[in-house]
Structure formats: structure tokens, C-alpha cells
Number of protein chains: 2
Amino acid sequence: MWMSELSARSGVPVATVKYYLREGLLPAGQATGATRAVYGEEHVRRLRLIRALVDVGGLRLAEVRRVVEAVDDETSSLHDVLGVAQAALTPDLPEPTAESRARVDALLRRLRWKVSDQSVNRVALARALDAMADAGDPLRADALEDYARTLLGLAEAEVPTIDTSSREVAVRQTVVRTVLVEPILLTLRRMAHEHVSQRSLSRRRR
Amino acid sequence: MWMSELSARSGVPVATVKYYLREGLLPAGQATGATRAVYGEEHVRRLRLIRALVDVGGLRLAEVRRVVEAVDDETSSLHDVLGVAQAALTPDLPEPTAESRARVDALLRRLRWKVSDQSVNRVALARALDAMADAGDPLRADALEDYARTLLGLAEAEVPTIDTSSREVAVRQTVVRTVLVEPILLTLRRMAHEHVSQRSLSRRRR
DNA sequence: AATATTGGAGAGTTGCACTATCCAAGCGAG
DNA sequence: CTCGCTTGGATAGTGCAACTCTCCAATATT
């Protein structure tokens, strides 16, 4: 298919497709002459992935680029791609305080979680704890541990459902599920808050 | 205190404080003449809240404004503020497909969750389900329901810990916890993925 | 042969979140 | 009292990200 059909099939304007090509988010089509190139299904899939990461995952294009590069890199293992995807998803953060870093380290030790010392997630969690304290409502240690146990339960249900029969499929599933399940979880939590809040109101009224 | 001290105490540059004043994110100080005004602790708190919402919650200033307006509105109930805060946090989304809307409605009916028909969360969840399908990895119905049950458990633990003795405190807690706990949950999930992935690797190697 | 379309390159546009520059009014030291 | 510094407020400018527009020569299509 030509670029105009690729644009129609993916819902991305032609000018934007050209921009993504320039930015290296989308591989070039197969040239059939100096002014023509054909694109395939993989280009449609890639465009849909990009739009999903941007629109729903809220990623910036520089982050999307890092993710698709990891996806395309045949030498990286599934575990590597998970790390790269997570690093790409984490914006640059200011240094957290030593106290919150220590809290994070202590939590992971107590739970016996194997998390790399270099993991961006350690910094991200420490910063998030700082932010709550700065906002005047620090998170209690027992609440943090409850959250951690709950999410371990989730992750244990999620990881085995990855289809590892093909690297290509496994990598795409890992990225999609890491990024696109997040808004689902957050929305379900907000709905649950609405529900519990509504329920307690009606109970109080009785 | 004057503006320069407010700036120093909150870590926000003077020029930015002026900008927030113009944008209505920060209430004006008490004028002590034509070219002087004094600010109080509530201005420091407000600035810290704004920075936390922007830096950690990832909100845009227009969204922050809607949140602080709801916080300042004395007539709105706690449940109202929850709704406004959630609406402010949800960016404008394209219409979801009828299928995913129906899935959301069916889920909420099956779980007997009381969620307003107008809630932005219904649209947000439907859109997120569409995004997964568009990306080629639709979410299974049983997985969605598992997520919902898990998050209901979380919410039931969270809501009763809100300090409802003062409206002011309750509202700030609600907003802070809605927004700032989200990155904590996402980071813990990613860490749990890292842990589970690492654990299954080492088990395979045995 | 005439017309339309395409891929590519570069410049231009939009929106957001600041940031810098002015300026008149006031306060404080000498 | 005067001189210089600081302050709050208004206005304009900056930097970045993500497009979007315009142009062009090479090709298809009719």
C-alpha cells in the first residue's frame, strides 16, 4: 500500500506519518522508485502502537522512540525489554531525598523483592513518596506495604499470561500491557473510590 | 512574608509565582499598599500542592486550576470534590466504541458498583479498552474483572483513612491521595513485574 | 501529452509553561 | 530628604514538543 492508504488504515494524517518517518519512529517503506514506496501491515501495527502509547499511555515521542528501539532490537531478552520499556516510561526525575530512598530499600528488603539496584523504579517510588510528604500528607509505611502486596498479587497473575512462544509477540505484549493496562488500573481505582464513597454516603443516610 | 520569601520557601521562582497568580492558581496576597503584598502559610502549601500535582501527577495547569477551584469551593461536598478532581484528571478523550462502552456497563452491573452514568471514568475505561484492542492485544473479560476486584479491595482500605473531621483537611487528602498515590501504584506494579520476571528466570535456570 | 499523485525536505504553526524586561510605587540607609 | 534597591504588576518574549503546510521533482494514470 502507499502512504495515503497507510494513513487511512491507521487514522494518522499523511503529514504526521512523514514526521514519524523522519523521527525514526516508523521504519521506511520499500522504495519502488525515486518517489514511491510501499508499506505493509507491520507499518499499520507500528502506527497503532505509537498512537496508543501516546494517546493512552501519555508517552512523549522521545519515550516512544526508546520503546520501539528496544522492541526492534533482536538481541535484547524479554527481561531487557521490560527494563528498557520501564526506563522509557519514567520521565527524568529530580533526586529523591535520602530518607525516601532508604524507605524504598527497606521495603524491598523486607518483601524480598528482586529489583535491580539501578532500576529507575527505585528512584521513581522514592520521588513519589517525597511528593506526598511535600504535599503535607505522607504515606504510612503499613499502607505502602499493603499496596506492594496487592500489586505483587496482580503481577503474579499477569506475567504468566504473556505468550512466550515468539519473541516478537512476547515483546509487543509486554510493552502493550505495561503501558496500556496502567490507565485501566487507575480508572478502576477511581471508579472504586466513587463506588465506596457513594456507598458510605447512602449508608450514613439510613 | 513577601513574594521573594514565598518563592524561597516553596522553591518556585518569583517569575513563576507571578505567573500562577495571573493564572488564578494561587490566591493574591494581602495588599499592604500599591506595590506590596504579604503571603501566608496557605500560599506555601498551595504552591507545594501545585508542584506536586504537576511534577508527580503530571497534570497540566488547566487541570490543576479545576482541582484547586473545587478545593476552594466551600459549597461542594467531599463526594463532589472527588468527582471534580477525577474529571479534572481525565484529559479530553475521543469517543470510545459502543462495544467497549457496553463492556464497561456490563462490568459495573455485574459487580454492582454504584458509578454515576455521567462519570468520566466510564468513558476513560472504555477508551483504554479500545486502545488495547487497537494495539492488537485486547484485554480478556476475566482479567478485567480480576483487576476490578483487586482495586475494590484497595479502595475499601483507602477511603476510611480519610480524616473527615474537617472539610479542608478531607478535601486536601482526597485530592492528594487520588493523584499522588497513582504513580506509587504504577511503580510498585512495575517493580513487581521486574521481581516476578527475574524470579521466573532464575527458576528456569535451575 | 496532460493531469494528478506521491515521497521527501524544509519551514511554519500551535499550544503550553514559563521567563525576562519594564515600570512606577514604596522602603530603608545615610 | 534623597538616593538606590526591592517589590508587585503588566507585557512581551523564549523554548520546546508535536505536528502541519508548502513546495518540488519524479512518477503514475488517463
Side-chain angles (χ1 to χ4, degrees), chain A residues 1-40 43-44 46-68 88-89 91-92 94, chain B residues 1-40 43-44 46-68 88-89 91-92 94:
Chain A
M1 78 188 88
W2 319 138
M3 192 185 280
S4 58
E5 190 183 344
L6 175 64
S7 166
R9 291 263 319 270
S10 63
V12 177
V14 170
T16 305
V17 172
K18 292 180 178 184
Y19 172 64
Y20 289 168
L21 283 168
R22 253 178 286 155
E23 292 294 310
L25 300 175
L26 188 67
Q30 176 140 22
T32 67
T35 66
R36 227 137 253 240
V38 289
Y39 301 90
H43 293 91
V44 178
R46 170 60 56 91
L47 280 175
R48 292 206 177 128
L49 177 63
I50 294 171
R51 294 315 312 169
L53 293 175
V54 169
D55 292 340
V56 180
L59 271 66
R60 281 179 271 159
L61 294 193
E63 299 164 338
V64 172
R65 178 161 44 238
R66 290 206 293 276
V67 172
V68 300
L89 292 171
D92 283 340
Chain B
M1 80 188 85
W2 289 297
M3 193 185 277
S4 58
E5 191 182 344
L6 175 64
S7 165
R9 292 262 320 270
S10 63
V12 177
V14 170
T16 306
V17 173
K18 292 180 177 184
Y19 171 64
Y20 289 168
L21 285 168
R22 273 199 304 279
E23 292 294 311
L25 299 177
L26 187 68
Q30 177 141 19
T32 67
T35 65
R36 229 139 253 239
V38 289
Y39 302 90
H43 293 92
V44 178
R46 172 59 55 91
L47 280 176
R48 293 208 176 126
L49 176 64
I50 293 172
R51 294 314 313 168
L53 292 176
V54 168
D55 292 341
V56 179
L59 271 66
R60 280 180 271 159
L61 294 192
E63 299 164 338
V64 172
R65 177 160 46 237
R66 290 207 294 275
V67 172
V68 299
L89 293 171
D92 283 341

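Every heavy atom of this structure was used, including side-chain atoms; hydrogens, water molecules and symmetry mates were not. Residue numbering restarts at 1 for every chain, and letters A, B, ... go by the order of the sequence lines.
Rounding to the nearest 0.5 Å gives a distance of 8.0 Å between CD1 of B:I50 and CG of B:L61. A:W2 CH2 to A:Y39 OH: the interatomic distance, rounded to the nearest 0.5 Å, is 10.5 Å. Atom OH in A:Y19 sits 8.0 Å away from atom CZ in A:R22 (nearest 0.5 Å). Rounding to the nearest 0.5 Å gives a distance of 6.0 Å between CZ of A:R9 and CZ of A:R48.
As a whole-Å value, the separation of A:E5 CD from C:dG7 C1' is 16 Å. The distance from atom CE of A:M3 to atom C1' of C:dT5 is 12 Å, rounded to the nearest whole Å. Atom C1' of nucleotide C:dG7 and atom NE2 of A:H43 are separated by 13 Å, given to the nearest angstrom. Note: CG (A:L6) to P (C:dT6) measures 12 Å, nearest angstrom. To the nearest angstrom, P of C:dG10 lies 15 Å from CG of A:L21.
If you check every strand for non-hydrogen atoms under 4.0 Å, A:S7 touches nothing.
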(request) Check step by step if side chain to side chain contact (heavy atoms under 4.5 Å, CB included) holds for A:V12 and A:Y20. (result) CA-CA 10 Å; A:V12 177; A:Y20 289 168; 4.3 Å; yes
(request) For nucleotides 13-25 of chain C, just jot down a letter per nucleotide in 5' to 3' order: B, S or -, based on protein non-hydrogen atoms under 4.0 Å. (result) ----BBB-----B
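Not a single donor-acceptor pair under 3.5 Å links the side chain of B:R65 to the backbone N or O of B:G24.
If you walk DNA chain D from 5' to 3' and mark each nucleotide with an atom closer than 4.0 Å to a heavy atom of chain B, the marks span D:dT6 to D:dT11.
Here the side chains of B:M3 and B:K18 are in contact, with some heavy-atom distance below 4.5 Å. By the 4.5 Å heavy-atom criterion applied to side chains, B:R46 and B:P27 are counted as neighbours.
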